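What you see is a predicted model, and the numbers here were worked out from it, not measured in a lab.
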Amino acid sequence: MPHHTRCLVLTGGSAADGPYGIDKLGTLGYELVEVKPASHRLHRKMRDVIEHRTGLPLDKTLRSVPRARNSDLVLAFLEREALTAAALARRGVPPYANRPLAMICCWLADELREMPAESRRRVAARYQGVDLTIVFSENQIDILVDAGFSEGSVEAVPFGFADETFTPQPFDSRTPSITAVGFDRGRDYAILMEAVRGTNLRVDLYCKPQNIAGIPLPDNVEFHGVVPFDRYRQAISSAQIIAVPTREMAYPSGQTVALEAGATGACLVLTRTPALSEYFTDDTALLCDPGDVQYWREALMRAAEDSELREGLGAAAARDIRSRFTYTQMWKRIDDLFRDRSWISS
C-alpha cells in the first residue's frame, strides 16, 4: 500500500481500547483517527442532555468534522454511532456526504424484525446515508434489506477473537465443571437453571443480576456476578464445559464467549440458532434446540459423563475457531469489502 489509509472511527468509547480488535487494521495499512471522548464534567453533562433529547450521537460526530475532511473513510461502532453522520450524508452536508461511511451493526436486525412494517421502514430510512453495513451473520442481510436497506449495501463478516489472548490449554488441567458466562440480552439462563435443577451437575455462573432476575437458582449453581477480564479469561480457560444458552436472536448471540472459550479447547454446549449455526456445527459443539429444557439437560449430562467426547469436541472447536475466526481474518475481510468498493487504492 503506497500510503496509509486514514480511517475516522466513530465510537461511543475509544478506538484506543481496541473494540473488536480494530487495531488489526493498523497491520493492513490503516491509520485510525478519532476525537477523544468528553472528559470534562460539564462537557459530559451537556453531551448527555443534548444527545438524550435528540436521540443522536452528536458530540463526537460533530467534533470529528475536521478529521473527517482529512480521512479516506468513516467507520462507525456500532449502529447508533452512525446516525448523525448518516443524517448529514443523506442531506449532502460535507465532509460526511463525500466520504464513504461504513457501520458495524450488531442488534439492529433483531430489533427491526420485531417492529411493524411501517416502523421498520422508518428506522431503516435513518441509515440511508450509510454506504456499507457490516453484520456478523448472513441471516441478517434479508432482514435489513426487507426493511429498506439497499441491495448490496449489507455484507456479512464472521466475528473474530483475539487469538494471542485466548490460547489452547491442556485439557487434563481443566476442571470437569460447567461454566456459564455472559450478559448479552439474548442469554436464556432460565433454560439452563431448569436443565441442571435436580441433577448432580455443578455450574459456575458469571453474569449480571439482571440476567437471572426472577429465576430461582438451584443449589448446584454458584453465582459469581460480573468479574474482571482476567478472571473471565481464567474461568473459560479452566473449565472443561462452557454452556452458552440463548434465545433465538437475529444476531449470533453468545458468539464472543463461545469463540473465546472454544479457542482455548473447551467443550461447548450452545443453542442451535440460525445465526450461531454459521459458526458452529455438531462437529465442534453440542447444539441444543432453543427453549428445550430436556435437550439441554441431556446434552449437559452427556458432556459431563463422557470425557472422551468433551476432549474431542474441545480440540475440534479449537482447531476450527483458530483457523477461521481470528480478529486478523475478520478485519482482512472488512478490508476486502472496502477494496471491492474502490474505497481503498491498491
Side-chain angles (χ1 to χ4, degrees), residues 9-13 15 17-25 28 75-82 101-114 123-124 127 130-147 149 152-163 165-166 181-188 244-263 268 270-281 284-285 287 290 317 320-338 340:
V9 180
L10 298 176
T11 175
D17 296 331
Y20 294 6
I22 191 175
D23 56 304
K24 298 298 182 184
L25 277 180
L28 298 172
L75 178 61
F77 287 79
L78 294 159
E79 45 263 56
R80 180 181 182 276
E81 300 305 319
L101 173 60
M103 75 170 177
I104 291 181
C105 180
C106 184
W107 308 286
L108 185 59
D110 194 72
E111 293 168 353
L112 286 171
R113 70 175 185 167
E114 301 298 324
V123 171
Y127 295 95
V130 176
D131 301 293
L132 172 63
T133 298
I134 299 165
V135 293
F136 293 124
S137 57
E138 295 274 357
N139 67 298
Q140 297 179 71
I141 295 176
D142 287 344
I143 297 173
L144 293 174
V145 171
D146 181 67
F149 281 68
S153 71
V154 185
E155 300 275 4
V157 169
F159 194 65
F161 80 102
D163 57 324
T165 301
F166 298 93
V181 189
F183 45 82
D184 177 272
R185 66 177 76 175
R187 288 297 194 279
D188 188 357
V244 187
T246 62
R247 293 181 289 276
E248 185 173 324
M249 315 296 281
Y251 63 94
S253 176
Q255 93 273 18
T256 299
V257 170
L259 289 174
E260 292 172 348
L268 302 173
L270 313 173
T271 303
R272 189 194 304 272
T273 65
L276 206 57
S277 293
E278 297 180 24
Y279 292 80
F280 300 96
T281 69
T284 55
L287 299 172
D320 187 60
I321 291 168
R322 304 189 75 81
S323 69
R324 297 200 294 148
F325 298 118
T326 67
Y327 275 149
T328 297
Q329 291 164 313
M330 169 181 146
W331 286 106
K332 179 61 174 68
R333 292 179 180 114
I334 291 174
D335 172 59
D336 289 341
L337 292 177
F338 294 163
D340 289 345

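Ring geometry for Y20 versus F136: interplanar angle over 60°, hence perpendicular rather than tilted (30 to 60°).
Annotation: the span from T328 atom OG1 to D335 atom CG amounts to 12.0 Å, rounded to 0.5 Å. Atoms CE and CG, on M103 and D131 in that order, are 11.0 Å from each other to the nearest 0.5 Å. The distance from the CG atom of D336 to the CH2 atom of W331 is 13.0 Å, given to the nearest 0.5 Å. Distance check: Q140 CD to C105 SG gives 6.5 Å after rounding to the nearest 0.5 Å. Taking CE of M249 as the start and CG of N139 as the end, the distance is 12.0 Å to the nearest 0.5 Å. The distance from atom CG of L108 to atom CG of L78, rounded to the nearest 0.5 Å, is 10.5 Å.
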Hey, mind stepping through F166 and I321 against side-chain contact (heavy atoms from CB on, under 4.5 Å) and telling me if it holds?
CA-CA 11 Å; F166 298 93; I321 291 168; over 6 Å; no
Show your reasoning for whether side-chain contact (heavy atoms from CB on, under 4.5 Å) applies to Y327 and L25.
CA-CA 10 Å; Y327 275 149; L25 277 180; over 6 Å; no
I would like to know whether V257 and R187 meet side-chain contact (heavy atoms from CB on, under 4.5 Å); could you show each step before the answer?
CA-CA 11 Å; V257 170; R187 288 297 194 279; 3.5 Å; yes
What's the verdict on side-chain contact (heavy atoms from CB on, under 4.5 Å) for T133 and Y127, showing C-alpha distance, side-chain angles and the deciding distance?
CA-CA 9 Å; T133 298; Y127 295 95; 5.8 Å; no
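Smallest separation of non-hydrogen atoms from W107 and E79: N-OE2, 2.8 Å. Summarising the geometry of A147 relative to A124, their closest heavy-atom pair is O-CB, 3.4 Å, with the distance given to 0.1 Å. A pairwise comparison of heavy atoms in S137 and A275 identifies OG-CB, 3.6 Å as the closest pair. Across all non-hydrogen atoms, the minimal contact from T326 to Q329 is N-OE1, 2.8 Å. The nearest pair of heavy atoms linking A109 to I143 is O-CG2, 3.5 Å. Shortest non-hydrogen contact noted between Y251 and G186 is OH-N, 3.8 Å.
Within the 3.5 Å criterion, the main-chain N or O of A250 finds a donor-acceptor partner in the side chain of D110. A donor-acceptor contact shorter than 3.5 Å is absent between the side chain of E138 and the backbone of E278.
Residues satisfying the ring pair (Phe, Tyr, Trp, His ring centres under 6.0 Å) criterion with Y279, sequence neighbours excluded, are F325.
The closest side-chain heavy-atom distance from F161 to R322 is below 4.5 Å. At least one side-chain heavy atom of F338 sits under 4.5 Å from a side-chain heavy atom of L132. Taking 4.5 Å as the limit, every side-chain heavy atom of D184 sits out of range of all side-chain heavy atoms of T246. Side-chain atoms of T271 and D188, non-hydrogen and from C-beta on, never get closer than 4.5 Å to each other. Taking the side chain as every heavy atom from C-beta outward, R185 and S253 never approach each other to under 4.5 Å. In this structure, T281 and D320 have side chains that are not in contact, with every pair of non-hydrogen atoms separated by 4.5 Å or more. V244 places none of its side-chain heavy atoms less than 4.5 Å from the side chain of L268.
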